[in-house]
2 protein chains.
Amino acid sequence: MNQLDATFAALADPTRRAILARLIEGEASVMELAEPFAMSQPSISKHLKVLESAGLISRGRDAQRRPCRLEAKPLAEANDWLERYRKIWEGNFQRLDALLGAMQANKTAGDAEQ
Amino acid sequence: MNQLDATFAALADPTRRAILARLIEGEASVMELAEPFAMSQPSISKHLKVLESAGLISRGRDAQRRPCRLEAKPLAEANDWLERYRKIWEGNFQRLDALLGAMQANKTAGDAEQ
DNA sequence: GTATTATATAGCCAATTGGGTATATACCCT
DNA sequence: AGGGTATATACCCAATTGGCTATATAATAC
């Protein structure tokens, strides 16, 4: 799976987004992360595995605990992808025309979605 | 399904991202959208259905054609969600501290993930 | 070593997904 | 009406997902 695929897929689940939101405040153990949810510990571990293999969290070791910390770089990549649409959702079609001009100019090099 | 769920789930597929990228250039019919892909027309129609029910495209009518156009507003919402992590991926922990202070101050009102 | 705590793994299950083919529907043209 | 073109729908299928319970592993505490 592509990095962008994995990032967006990981973000598509509200439990996982809530976990990431919690991790803004700092590292947390699996138990701490599980606490707000009416969900079994193994299910949380599965979600963490998805987040980890998408590179959105990394894990340490503190005695029996495996604390999770946020790794936000893949989110930056997702954000970059979304930026291409900003001109459209902001309704700024002048800038959009400029963007399209630039895209046309680059048609010689490989384009597609990257 | 939540709007954010639907948006991120739709973006998790590279075919769908490529379709959206194509639609930056303007409206396109199903045939036009299908052309770059080694994939059957019904499969493309399925992808379009996913994009449409996520609100990322809307469709018109032009004789037999059902042209698709980009609806970027849900992408703005996704972008807003990602913005919360910008301070982290940019490594700006001073600003992050300020953010955490604000979050703490708002603890009285409902927070959670939204 | 044995118990306790924290986490991971295995296996089950129903639902969803992403592809396919075959067929239906909608619209245009003569 | 009949033929072509564009798109949608109905199924089929294998793989994935997201939940569960039961169990295994890891590290600490006694």
Side-chain angles (χ1 to χ4, degrees), chain A residues 1-23 26-71 113, chain B residues 1-23 26-71 113:
Chain A
M1 215 198 312
N2 188 343
Q3 172 64 64
L4 221 37
D5 289 13
T7 302
F8 283 128
L11 295 180
D13 184 282
T15 302
R16 288 193 292 262
R17 286 199 309 277
I19 288 173
L20 292 179
R22 163 61 186 82
L23 290 176
E27 285 198 359
S29 70
V30 177
M31 294 296 272
E32 286 165 350
L33 291 173
E35 191 274 327
F37 303 102
M39 199 179 291
S40 70
Q41 169 266 311
S43 296
I44 297 292
S45 280
K46 261 196 199 175
H47 283 302
L48 294 176
K49 195 171 204 171
V50 172
L51 290 170
E52 187 177 17
S53 47
L56 288 169
I57 64 172
S58 61
R59 331 232 8 205
R61 172 64 81 179
D62 165 29
Q64 305 101 324
R65 265 142 265 119
R66 303 289 318 278
C68 302
R69 71 182 139 282
L70 193 52
E71 297 289 341
E113 71 113 13
Chain B
M1 215 195 317
N2 188 343
Q3 173 63 64
L4 221 38
D5 289 13
T7 302
F8 283 129
L11 296 180
D13 184 281
T15 301
R16 288 192 293 261
R17 286 199 308 277
I19 288 173
L20 293 179
R22 162 63 186 81
L23 290 177
E27 285 199 356
S29 70
V30 176
M31 294 296 271
E32 285 165 352
L33 291 173
E35 190 273 325
F37 303 102
M39 198 179 293
S40 69
Q41 169 266 314
S43 296
I44 297 292
S45 281
K46 264 195 198 176
H47 281 302
L48 294 176
K49 196 172 204 170
V50 173
L51 290 170
E52 188 177 16
S53 45
L56 288 169
I57 65 173
S58 61
R59 328 223 24 196
R61 170 66 80 181
D62 165 30
Q64 306 99 326
R65 265 141 265 120
R66 303 288 319 277
C68 301
R69 71 184 139 281
L70 192 52
E71 297 290 340
E113 68 113 15

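Keep in mind it's a predicted model, so treat the numbers as computed, not measured. So that the names make sense, note that chain A is the first sequence line, chain B the second, and so on, each numbered from 1.
Within the 4.0 Å cut-off from OP1 or OP2 of C:dG19, not a single side-chain nitrogen or oxygen of B:S43 is found. In this model, the phosphate group of C:dT7 is not approached by any side-chain N or O of A:R61 to a distance below 4.0 Å at OP1 or OP2. Checking the phosphate oxygens (OP1, OP2) of D:dA26, no side-chain nitrogen or oxygen of A:R66 falls inside 4.0 Å. Checking the phosphate oxygens (OP1, OP2) of C:dT7, no side-chain nitrogen or oxygen of A:K49 falls inside 4.0 Å. An OP1 or OP2 oxygen of D:dA8 is reached within less than 4.0 angstrom by a side-chain nitrogen or oxygen of B:S45. Distances shown here put every side-chain N or O of A:S29 at or beyond 4.0 Å from the OP1 or OP2 atom of C:dA6.
Note: CD (B:E32) to C1' (D:dA6) measures 11 Å, nearest angstrom. A:I19 has its CD1 atom 14 Å from the C1' atom of C:dT7, to the nearest Å. The nearest whole Å value for the distance from the CD atom in A:E52 to the C1' atom in C:dT7 is 12 Å. Straight-line distance from the CZ atom of A:R65 to the P atom of D:dT28: 9 Å, rounded to whole Å. Rounding to whole angstrom units, CZ of residue B:R59 and P of C:dA26 are separated by 15 Å. Distance, B:I44 CD1 to C:dG19 P: 8 Å, rounded to whole Å. Per the geometry, CG belonging to A:L51 stands 12 Å off P belonging to C:dA8, to the nearest Å. Between A:E27 atom CD and C:dA6 atom P there is a gap of 16 Å when expressed in whole angstrom units.
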Every protein N/O within reach of nucleotides 16-18 of chain D N/O, cut-off under 3.5 Å:
| from | atom 1 | to | atom 2 | distance (Å) |
| --- | --- | --- | --- | --- |
| D:dG18 | OP1 | A:R16 | NH2 | 3.3 |
| D:dG18 | OP2 | A:R16 | NH1 | 3.1 |

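With A:I57 as reference, A:E52 is the one residue of A:R69, A:E52, A:K49 to meet the side chain to side chain contact (heavy atoms under 4.5 Å, CB included) rule.
With hydrogens and angles ignored, no donor-acceptor pair under 3.5 angstrom links the side chain of B:Q41 to the base of D:dA6.
The A:Q64 side chain lies nearest to D:dT28 when the options are C:dC27, D:dT28, C:dA8. The side chain of B:M31 approaches D:dA6 more closely than any other nucleotide in the set D:dA6, C:dG19, D:dT28.
A heavy-atom distance below 4.5 Å is not found between the side chains of B:E27 and B:D62. A:V30 is listed as a side-chain neighbour of A:R59, based on a closest heavy-atom distance under 4.5 Å.
The CG atom of A:L48 sits 9.5 Å away from the CD atom of A:Q41 when rounded to the nearest 0.5 Å. Put simply, CG on B:D13 and OG1 on B:T15 are 4.5 Å apart, with the number rounded to the nearest 0.5 Å.
Without hydrogens or angle criteria, A:R65 side chain to A:M31 main chain gives no donor-acceptor distance under 3.5 Å. With hydrogens and angles disregarded, a donor-acceptor distance shorter than 3.5 Å links the side chain of A:R66 to the backbone of A:G60. No donor-acceptor pair closer than 3.5 Å links the side chain of B:R16 to the backbone N or O of B:L11.
When each of A:P42 and A:A63 is assigned the nucleotide of DNA chain D with its nearest heavy atom, A:P42 is the one assigned upstream, toward the 5' end.
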